[in-house]
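Read the structure below first, then the notes.
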Number of protein chains: 6
Amino acid sequence: MPFVKIELTREGVTREQKQRLIKGITDLIEEVLHKDPQLTHIAIQEIELDNWGYAGEQVSVLRERGITANKK
Amino acid sequence: MPFVKIELTREGVTREQKQRLIKGITDLIEEVLHKDPQLTHIAIQEIELDNWGYAGEQVSVLRERGITANKK
Amino acid sequence: MPFVKIELTREGVTREQKQRLIKGITDLIEEVLHKDPQLTHIAIQEIELDNWGYAGEQVSVLRERGITANKK
Amino acid sequence: MPFVKIELTREGVTREQKQRLIKGITDLIEEVLHKDPQLTHIAIQEIELDNWGYAGEQVSVLRERGITANKK
Amino acid sequence: MPFVKIELTREGVTREQKQRLIKGITDLIEEVLHKDPQLTHIAIQEIELDNWGYAGEQVSVLRERGITANKK
Amino acid sequence: MPFVKIELTREGVTREQKQRLIKGITDLIEEVLHKDPQLTHIAIQEIELDNWGYAGEQVSVLRERGITANKK
């Protein structure tokens, strides 16, 4: 029965990356909770940069300033 | 006060089908819970096929293999 | 693949009312969208009255004033 | 740690209005709950008028009848 | 039509703080978007500390180590 | 910026299982999307069995009949 919703900024996530997220999370839930994968649904919601706020700023503004979300 | 969110794959749901869902659910909530319909809001979120995972697979991949969500 | 989330105030919804909502919405989605019911998941989230705001007021305050959500 | 999701109809909300919502809510959460703004994320989800139901009707239909959501 | 969902850790938010969040956000939406407050619903969801993860850790663990979410 | 919400039935998920989900998903997002883990928040929402519907039935009813969500 798990439903997993991933919300993140729309910044060029590829089809292959989405598949890795879907497979990885479904496998993790099966491994940790022993859930039948047929009961696990995952939805990825990509949000425009103007529509995501972090620390009081639009992410589009942060990106214009060169601030990324990447791991250093 | 109910807020109902319907998340489903973007696969050609028509305007008329959306209206039937909205009317049907609002009526059901009024009938079962006696809620004033003026307090019931419903949002339908259509999710791209690459962004929905089921049983560890992207729905876009399942559809390419001919697997549908239709009632048999 | 539909996932339906119903959020409403915690005000004594009975087990039988929840079952009627679950059955009614699943049937409606099958009827309107022809979705296999095995793919429809529904979650009901009951929210404390202090935690729901309507028109700028906590619902707990509205109820103390005798304002209900019932259909007139 | 707060995550705030704003869901509303897609009716021409400007970039500047989104920024005011993001800044205003982040500041409010800092003021009321003393949360570090670096922990507050906000996502705005704009929903097509055909996909939002109010009082059993699609908002697109309400707008065609001249019914708006504006404060009188 | 806005529906606003605030998700945050359950750490003693008072009834009065919830009311300030509800009033503040409803007023902000009226001021910025000119929405009739009768159409704005807000739900606050408090999440147990074991159930919120930040940077790969449960918040309950972070709190045991003395790490708070407070603005410095 | 990712926010991940996991909704599942309340059926005795342990603190340690929650930690494995939080760690596993945060690591996966870092590995696949290269996101700084400080920007990844995860919330787990456990839903009462009466409040989750699957295939038109309450999960509490399915469990009484001996139907589980476990992988065979």
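Quick note on labels: first sequence line is chain A, next is B, and so on, each numbered from 1. Model, not experiment: these values are computed from the prediction.
Interface remark: of the candidates C:Val32, C:Ile29, C:Ile6, C:Ile42, C:Val32 forms the most heavy-atom pairs closer than 4.5 Å to chain B. Across B:Leu39, B:Ile44, B:Ile47, the residue that shares the most heavy-atom pairs under 4.5 angstrom with chain C is B:Leu39. Note on C:Gln45, C:His34, C:Gln38: by heavy-atom pairs under 4.5 Å with chain B, the leading option is C:His34.
Interface remark: B:Ile25 contributes backbone and side-chain atoms alike to the contact with chain C (heavy atom separation under 4.5 Å). Both the backbone and the side chain of B:Phe3 come within contact range of chain C, judged by heavy atoms closer than 4.5 Å. Contact of B:Glu11 with chain C is made through the side chain alone, with heavy-atom distances under 4.5 Å. Both the backbone and the side chain of B:Gln17 come within less than 4.5 Å of a heavy atom in chain C.
Paired with C:Lys35 under the rule side-chain contact (heavy atoms from CB on, under 4.5 Å), one option of B:Thr68, B:Asn70, B:Thr9 passes, and it is B:Thr9.
Within the model, atoms CG of C:Leu33 and NZ of B:Lys18 stand 10.5 Å from one another, a figure rounded to the nearest 0.5 Å. Atoms NZ and CD, on B:Lys71 and C:Glu30 in that order, are 5.0 Å from each other to the nearest 0.5 Å.
A heavy-atom distance below 4.5 Å is not found between the side chains of B:Pro2 and C:Glu7. You'll find the side chain of B:Glu31 reaches within 4.5 Å of the side chain of C:Arg20, heavy atoms only.
Between B:Trp52 and C:Met1 the shortest heavy-atom distance is CZ2-O, 2.5 Å. Closest approach of B:Leu21 and C:Leu28 over heavy atoms only: O-CD2, 3.8 Å.
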